[in-house]
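All of these numbers come straight from a predicted model, not from anything done at the bench. Chain identifiers are assigned alphabetically (A, B, ...) following the order of the sequence lines, protein sequences preceding nucleic acid strands; residue numbering begins at 1 within each chain.
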Amino acid sequence: QTVDEIKQRGSVNIGLLVDFPPFGIINEQGQPDGYDADVAKLLAEDFGVTLNLVPVTGPNRIPYLLSNQVDILVASLGVTPERAEQVDFSEPYAGIEIFVFGDTGTEVAEAADLAGKNVGVARASTQDTSITEIAPEGTNIQRFDDDASAVQALLSGQVPLMGASNVVISQIEAAAPGRFDTKFSLRRQSQGIATRPGQTELMEAINDFLARKKESGELNALHEQWVGGPLPEFVVEGE
Amino acid sequence: MGYQLNFAPVFRNFDQLLAGALVTIQLSFGAMVLGTIVAIACAIGKTAGPRPLRWLIDAYIEIIRNTPFLIQIFFIFFALPALGIRLSPNVAALTALTVNVGAYATEIIRAGIESINRGQVEAGYALGLKRWQIFRYIIIKPALRTIYPALTSQFIYLMLTSSVVSVISATDLAAAGNNIQSQTFAAFEVYLVITGMYLVLALGFSALFSAVQRYAFNYPLAR
Amino acid sequence: MIRPFGINEFWFIVMAVQWTLALSAVAFAGGALGGLAVALARVSPIAPLRYAALGFIRLFQGTPLLMQLFLVFFGLNIFGSGINPWLAAAIALTLHASAFLGEIWRGCIEAVPRGQTEAAWALGLRYYDRMKSIVLPQAAKIAVAPTVGFLVQLIKGTSLASIIGFVELTRAGQIINNATFDPFTVFGLVAVLYFILCWPLSILARRMETRFAVATRR
Amino acid sequence: MSVTNATDRAADAGMPAVRMEGVDKWYSTFHALKNIDLEVARGEKIVVCGPSGSGKSTLIRCVNQLEEVQKGRIFVEGIELTAGPKNVEQIRRDVGMVFQQFNLFPHMTVLENCTLAPMRVRGVSKAEAEETARKFLTRVRIPEQADKYPAQLSGGQQQRVAIARALCMNPKIMLFDEPTSALDPEMVKEVLDTMIDLATEGMTMMVVTHEMGFARKVADRVIFMDQGEIVEVAEPEEFFSNPKQERTRTFLGQISHA
Amino acid sequence: MSVTNATDRAADAGMPAVRMEGVDKWYSTFHALKNIDLEVARGEKIVVCGPSGSGKSTLIRCVNQLEEVQKGRIFVEGIELTAGPKNVEQIRRDVGMVFQQFNLFPHMTVLENCTLAPMRVRGVSKAEAEETARKFLTRVRIPEQADKYPAQLSGGQQQRVAIARALCMNPKIMLFDEPTSALDPEMVKEVLDTMIDLATEGMTMMVVTHEMGFARKVADRVIFMDQGEIVEVAEPEEFFSNPKQERTRTFLGQISHA
Ligand SMILES: Nc1ncnc2c1ncn2[C@@H]1O[C@H](COP(=O)(O)OP(=O)(O)OP(=O)(O)O)[C@@H](O)[C@H]1O
Ligand SMILES: Nc1ncnc2c1ncn2[C@@H]1O[C@H](COP(=O)(O)OP(=O)(O)OP(=O)(O)O)[C@@H](O)[C@H]1O
Ligand SMILES: [Mg+2]
Ligand SMILES: [Mg+2]
């Protein structure tokens with residue numbers, strides 16, 4: 001698939017999460033919204049085609065892409081080597097830092113302390129892979145279908161710890177100030193726009209688009225609006 | 001686009017699937033046993049209990065039968081902690097399945113009890129047996145025999161329903177599949193294999209049930 | 001970004017009922033057609049047809065609806081058509097309903113006394129007339145109650161479409177819950193809505209069942 | 001085999017209504033009919049009797065292929081029934097049957113019961129079918145019941161509707177399988193009377209019944225069956241007064257005893 | 001009320017097996033037993049007869065409280081049944097009952113049917129219960145059926161098992177509610193013979209039956225009921241040859257007619 005084909009068709013299908021605030025949400029009108037949605041709008045505008053937003057879920061977003069249901073994912077997809085085998089990633093368009101986060105009463109300072117503890121994560125998310133990587137024997141990783149369910153489990157006390165991004169953490173802090181704190185950092189995570197592998201020309205167009213929008217400050221403005229701060233340094237610089 | 005089916009990643013992780021299948025079996029059996037106990041208690045309550053109790057049991061049955069299992073399990077896992085009831089995912093799954101099958105089995109078992117001829121009970125009384133003895137020695141077995149087919153197909157349905165419990169991070173067969181799927185992205189292959197495994201489980205359960213039937217209800221019926 | 005559960009959230013969930021209903025209606029309509037075919041195949045004099053129908057029923061009654069949804073969802077694409085959750089859910093639920101209704105209706109067809117078929121044969125009626133004029137009208141009367149009962153099961157079954165991302169009542173509840181973190185209210189409301197949909201049907205089915213039982217006892 | 005059709009039909013203008021040649025019938029392993037040979041002439045009235053389970057029903061149900069036979073040949077009006085499904089269809093049109101349990105269609109009125117097959121099978125118009133139906137309902141003496149449903153009629157009336165329904169197809173042969181044995185005693189006579197009427201009009205009839213009065217009055221021959229065999233065939237006078245076989249005598253002793 | 005127990009028991013060593021005093025029984029609004037007074041002496045055999053619905057079953061079912069009465073008092077072996085549930089339990093142990101429909105437990109062998117109550121109610125050991133059971137099965141002449149299930153027995157055999165089952169509790173009084181009326185005619189005699197055996201051994205018996213031969217042979221008194229009342233009580237000879245009441249005569253006329 002090429003940009004020309006998309007332009008010829010006149011529309012682009014972009015997959016995004018709707019349960020990953022503030023990147024992807026359902027707004028009060030019942031429409032997909034959030035940082036990802038606005039980036040997708042910007043991209044479609046840039047291509048000069050109409051935008052067709054397709055809500056996807058964490059576990060099925062890559063299958064959605066690979067099975068042609070969407071052309072492009074702007075779905076807060078963290079850039080990882082495993083995923084890079086499946087899809088092609090653009091330069092980062094957003095970024096987060098992932099922490100182990102949880103009850104103030106739970107003493108955890110490093111990976112080894114996770115042994116014997118319940119940790120909630122969103123299945124197949126970056127949190128999942130990185131905690132799975134470092135977790136010692138005996139860690140009980142509970143995988144939920146999405147980040148929100150994991151947050152839900154933390155808030156309702158079903159798990160004392162979870163893998164969470166800075167963005168999610170700031171929301172939790174707003175909802176339940178003082179109950180939880182950050183334990184330790186897992187990794188910094190760039191999020192990229194994804195296409196099916198081998199579509200070099202399309203990917204170049206996307207990277208070109210990102211470079212221009214970073215340059216113009218439009219991307220940063222969106223980030224300020226939704227996430228409440230500028231784009232992280234490591235995103236602006238690229239990897 | 002020519003999609004190549006690739007089962008290698010599925011079978012590479014087959015031990016995970018087996019572990020999941022074991023949990024599915026445990027959950028199903030656990031819920032069958034506990035659910036049957038709940039159901040017998042409720043059936044007795046409904047036939048012989050005081051009015052408020054009967055009313056309560058009716059409400060339980062109607063609520064469970066008229067809402068989706070998915071909602072029930074969300075409620076038990078995410079909402080009950082607000083009342084201080086906090087269950088681990090597999091225990092919550094077991095609880096939800098028990099509560100669910102209990103409601104269906106209550107109606108089945110009650111029908112079984114009601115199918116017992118009143119003369120059987122009277123014969124028990126006339127021999128000096130007490131109420132609970134009559135229930136234990138005279139009613140239960142023939143009643144179970146009558147409803148056995150309905151009860152066991154409910155159990156198989158229960159086992160299939162249990163595939164939903166991965167939404168609360170329980171570690172059953174479907175969850176194992178989801179995990180493999182999310183690592184390997186071989187979605188269709190994974191689900192094809194799991195579906196086959198569920199089918200095998202269902203067939204296995206029904207074979208087991210008919211073996212039990214032959215063993216437990218081996219007395220002849222009147223023509 | 002966490003927001004309180006307000007009137008907008010309430011309406012978002014309530015409005016999602018229409019998608020649950022739409023999906024149920026589509027699946028029921030499809031399932032009725034499929035179910036009739038399956039039931040007729042099950043009682044057909046042609047052995048291969050009977051076995052095929054039996055296999056179909058065993059397959060769909062022996063595997064979880066959730067897996068059926070996943071398989072159709074991911075499989076549709078492999079076999080060419082790009083998928084959307086709507087199509088996948090509609091197809092999977094239709095197949096599912098076909099199997100269950102087929103089995104229910106087979107029972108109803110077989111409950112029509114054999115003498116009726118024999119009388120039809122003796123009058124020289126052919127298959128089509130025999131089924132259309134004699135057997136099916138009588139089977140239909142028996143079938144109403146269990147069919148309504150199955151409709152309840154089907155409506156509840158549509159909730160699983162949420163897991164493949166179809167936004168109906170359950171998925172709407174999840175989305176709102178993830179934004180409000182108020183599971184008690186959200187899932188309470190969702191449960192109440194399902195109950196409002198299903199309970200009248202359950203009562204109706206039970207009424208008809210007892211009425212029929214009384215009618216046949218006489 | 002289907003060659004026989006044409007030859008048989010041409011061969012004999014005075015051919016029998018029914019001919020069975022060496023017919024054997026098994027229900028899985030149970031041998032229900034054993035090497036049956038039988039000819040029923042046109043216009044003849046045959047009464048079949050015998051103990052329960054002797055194969056009476058099976059015998060007459062073979063005549064319109066409600067039961068399939070495994071061996072032997074059956075001809076109805078010169079057409080070989082056992083030669084293929086096309087013939088079966090044709091023969092069923094020409095053979096009327098009345099069952100013990102009436103088997104009226106409960107969801108149709110009496111009139112609809114009677115018009116269904118003529119319209120669907122013979123392609124007769126609705127008006128014509130209804131006219132014929134009313135004619136036969138009058139003949140069985142219940143013209144006024146045309147618009148009722150079967151459940152609203154007495155057993156005797158229902159059985160007469162069943163007879164009318166079969167007659168509406170204008171059959172050449174009528175089969176009756178214990179048509180009065182599900183009836184209360186006071187209704188037996190009205191049905192037997194209807195059947196006697198029919199007999200006097202020259203219809204070919206095969207009747208399974210234990211009503212010996214009826215047999216005496218209308219039967220040309222009585223057939224006695226036991227254990228799947230035709231044990232004795234005789235004219236009624238002879239059959240009742242002077243049975244040849246021991247088994248027949250035992251049987252007659254039992255039923256007159258009752 | 002429970003004071004009466006002790007006094008009653010002490011009062012009379014030759015007390016009656018059953019005494020009913022002014023017993024009334026309603027099924028909601030239907031008055032099923034009307035002011036019944038009755039004494040049955042120890043060892044006495046009473047036959048109860050009367051038209052259908054007259055209250056015969058209700059009468060004898062009151063003796064072991066399968067039906068509760070609303071008015072009056074009932075004493076069994078000197079213990080007041082109507083005084084409280086404790087007494088009911090005790091009395092049920094001492095009163096055996098045989099039903100029209102046998103009511104054997106289908107999931108237990110004949111032997112298990114007979115040992116259940118002795119083991120569970122009287123606390124007898126399994127070995128002893130089985131010994132007793134075999135003794136009584138021999139008495140009713142079916143020792144060889146001990147390991148079969150009820151469904152494998154004929155009606156007459158089943159009813160004899162029911163009698164043996166009741167006897168295994170070593171009852172002082174036996175109640176029979178139409179014990180032969182669900183049986184095929186050829187099996188009636190074997191059950192009646194068993195009951196006659198029992199009668200000659202001195203068991204107190206109350207028997208609802210229309211078997212007048214049985215009544216003549218073993219009954220000490222025959223009770224005739226109609227519309228919930230005891231209309232006539234007499235010795236059998238007197239009862240059959242010279243009934244006092246018009247209603248009794250009508251009834252006897254009907255049953256001899258049949
Ligand atoms: N569908 C069947 N499958 C197996 N055995 C059958 C079937 N129908 C009839 N039979 C057996 O075939 C034998 C003859 O049956 P048939 O109904 O012809 O007897 P019948 O002479 O009509 O008896 P009746 O007077 O009781 O109607 C019987 O022993 C019966 O048990
Ligand atoms: N459980 C009940 N509820 C209401 N009415 C009852 C009940 N049992 C019996 N009756 C009524 O009480 C009356 C006496 O019944 P009972 O069974 O004692 O009569 P019976 O003399 O034994 O008659 P049969 O000879 O028919 O057995 C009958 O009119 C019956 O309809
Ligand atoms: Mg017959
Ligand atoms: Mg009685």
Among [options], single out the residue with the greatest number of heavy-atom pairs under 4.5 Å to chain C.
{"options": "B:Gly177, B:Pro68, B:Ala202, B:Gly196", "result": "B:Pro68"}
{"options": "B:Leu201, B:Asn66, B:Thr195", "result": "B:Asn66"}
{"options": "B:Val200, B:Leu70, B:Leu203", "result": "B:Leu70"}

Pick one of side chain, backbone, both or neither for [X], based on which atoms fall under 4.5 Å of a heavy atom in chain B.
{"X": "C:Ile196", "answer": "neither"}
{"X": "C:Ser162", "answer": "side chain"}
{"X": "C:Gln68", "answer": "neither"}

Ring-ring centroid check C:Phe184 B:Phe75, cutoff 6.0 Å: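 Yes - the distance between ring centres of C:Phe184 and B:Phe75 falls below the 6.0 Å cut-off.
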Minimal non-hydrogen separation, [X] against [Y], with atom names:
{"X": "B:Ile64", "Y": "C:Lys156", "result": "O-NZ, 4.5 Å"}
{"X": "C:Phe195", "Y": "B:Glu62", "result": "CE1-O, 3.3 Å"}
{"X": "B:Thr67", "Y": "C:Ala191", "result": "CG2-O, 3.4 Å"}

I want to check something: taking the side chain as every heavy atom from C-beta on, are [X] and [Y] in contact at a cut-off of under 4.5 Å?
{"X": "C:Val152", "Y": "B:Arg65", "value": "no"}
{"X": "C:Phe70", "Y": "B:Asn178", "value": "yes"}
{"X": "B:Phe74", "Y": "C:Val190", "value": "no"}

Contacts with chain C made by residues 79-93 of chain B (heavy-atom distance under 4.5 Å), listed by residue number: B:Ala79, B:Ala82, B:Leu83
Chain C-proximal positions within residues 142-176 of chain B [heavy-atom distance under 4.5 Å]: B:Tyr157, B:Leu160, B:Ser163, B:Val164, B:Val167, B:Ala174
Decide if atom [atom1] of [X] counts as having more than 12 heavy atoms of other residues, nucleotides or ligands within a radius under 6.0 Å.
{"X": "B:Arg54", "atom1": "CZ", "value": "yes"}
{"X": "C:Tyr51", "atom1": "OH", "value": "no"}
{"X": "C:Trp199", "atom1": "CH2", "value": "no"}

Side chain to side chain contact (heavy atoms under 4.5 Å, CB included) evaluation trace for C:Phe74 with B:Val190: CA-CA 10 Å; C:Phe74 293 111; B:Val190 171; over 6 Å; no
Chain B interface, residue from C:Ser159, C:Pro64, C:Ser202, C:Gly188 that has the most non-hydrogen pairs under 4.5 Å: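 Looking at each option in turn, the highest pair count goes to C:Pro64.
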For chain B, which residues of residues 6-24 of chain C have heavy atoms nearer than 4.5 angstrom: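 At a heavy-atom separation under 4.5 Å, chain B is reached by no residue of residues 6-24 of chain C.
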Table please: side-chain donor-acceptor pairs of residues 12-22 of chain B below 3.5 Å, with sequence neighbours left out.
unit_1	atom_1	unit_2	atom_2	d
B:Asn13	OD1	B:Gln16	NE2	3.4
B:Asn13	ND2	B:Pro9	O	2.9

OH on B:Tyr198 to CG on C:Leu66, rounded to 0.5 Å: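 Rounded to the nearest 0.5 Å, the CG-OH separation comes to 7.5 Å.
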Spatial distance of atom OG (B:Ser206) from atom CZ (C:Arg58) [nearest 0.5 Å]: 7.5 Å
Engaged part of B:Leu192 at the chain C interface, taking heavy atoms whose separation is under 4.5 Å: both
